[in-house]
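Residue numbers start from 1 in every chain, and the chains themselves are labelled A, B, ... in the order their sequence lines are given, proteins ahead of strands. Since this is a predicted model, take the numbers as computed values, not measurements.
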2 protein chains.
Amino acid sequence: MYNLAFMSAGKTFRHGQILRLVSGERIASQDDLRRRLAQQRLRVTQATLSRDLHELKLVKTTEGYKQTAAISEESASLPPLARALREFLLDVRPAENMLVLKTPPSGAQPLAAAVDASKFPEIAGTIAGDDTVLIITSNKKTRISLQQKIEALLK
Amino acid sequence: MYNLAFMSAGKTFRHGQILRLVSGERIASQDDLRRRLAQQRLRVTQATLSRDLHELKLVKTTEGYKQTAAISEESASLPPLARALREFLLDVRPAENMLVLKTPPSGAQPLAAAVDASKFPEIAGTIAGDDTVLIITSNKKTRISLQQKIEALLK
DNA sequence: CAAGATTATACATCTATCTGCATAAAAATA
DNA sequence: TATTTTTATGCAGATAGATGTATAATCTTG
């Protein structure tokens, strides 16, 4: 069965198609976009597209919806830190003025990105491998402060 | 020993704590595990732990719940640490609660994998670049202890 | 084998996410 | 400004995942 509103191709795929469409042609309105997507059997309502465009940080220009060139790559859509922690964090290991976060394989980079984006004043820098994120703080006290904040996000 | 008083969180973090617990002590039953987790504020029922252990592919042995043979084989397929050290280690550089291992180009990743597999209790985490492995320990004393063990393996 | 201990699971609940519908809010246009 | 077009959002229903309860199934031990 295809797309009966709920179990369809999924939001992620739709987002990809939206990005493809807006980069290739002039999409003048959300209803325009709705019609173009419907042509490839992606049937959703304008309300959903309003939310999609917001999540994708697309803005309306005279050339139709476009990515904000400057911001397009990075800050586009990092999940909030609490979310990343819930998804990736396996263990927290304090070590003097550092904090080691353990993740499943391949989890360290996305978690580190979320940590970086949160811009904690305690953090001097982070380094991530495959399953390990190393957070460096200026001293032990700041590490404790940071650790408390991170632990608070887990509940 | 790492974290003492910890928080309640999602399934991922609980899984990480379960792995940490079973690798460090004998967990004889699911109720045992439940009690140990409860000590760090992770309160779940035996039913949930039954599901967790299945997802983590932990099996009950006379030594308590442990990783399966499949994963044991994988870690067994890694060269023993002593061998990796002899093959790759160029220099050992202590730095407070850290130990920096220098290797020839491309030597850091395999050496770090061997270090990880050895599961030293002193190690909070490791991060490897191309010719440098950074090992984080909880404090200077544990770093000294680890350093002695590693240097002993070189003889 | 029987009794107790341990583990697995069917079912219901709770929560989070996604979506459509209806409509409010805002923007564009006449 | 009034009307029309476009976009945003409150609300409710659907779905999926996680978990507790109760209980069934299995294992251990005497």
Shortest non-hydrogen contact between A:V115 and A:F120, atoms and distance: O-CD1, 4.4 Å
Nucleotide N/O to protein N/O under 3.5 Å, stretch nucleotides 22-28 of chain C:
none

Determine the contact category for B:S50: base if any of its heavy atoms lies under 4.0 Å from a base atom, sugar-phosphate if only primed atoms, P, OP1 or OP2 are that close, otherwise nothing. base
So, OP1 or OP2 of D:dT7: does either fall under 4.0 Å of a side-chain N or O from A:Y65? yes
Is any side-chain N or O of B:Q30 closer than 4.0 Å to OP1 or OP2 of C:dA8? yes
Whole angstroms only, please: what is the [atom1]-[atom2] distance between [X] and [N]?
X: B:H15; N: D:dT19; atom1: NE2; atom2: C1'; answer: 12 Å
X: A:R35; N: D:dT5; atom1: CZ; atom2: P; answer: 12 Å
X: B:K11; N: C:dT15; atom1: NZ; atom2: P; answer: 18 Å

Say whether, by atom type as modelled, one donor and one acceptor occur between the side chain of A:Q17 and the main chain of A:L37 under 3.5 angstrom. no
For a 4.5 angstrom cut-off between non-hydrogen side-chain atoms, does B:T142 reach B:N97? no
Under the 3.5 Å rule, do the base of C:dG20 and the side chain of A:R51 count as making a donor-acceptor pair? yes
Please enumerate all protein N or O atoms sitting under 3.5 Å from an N or O of nucleotides 26-30 of chain D, with distances to 0.1 Å.
none

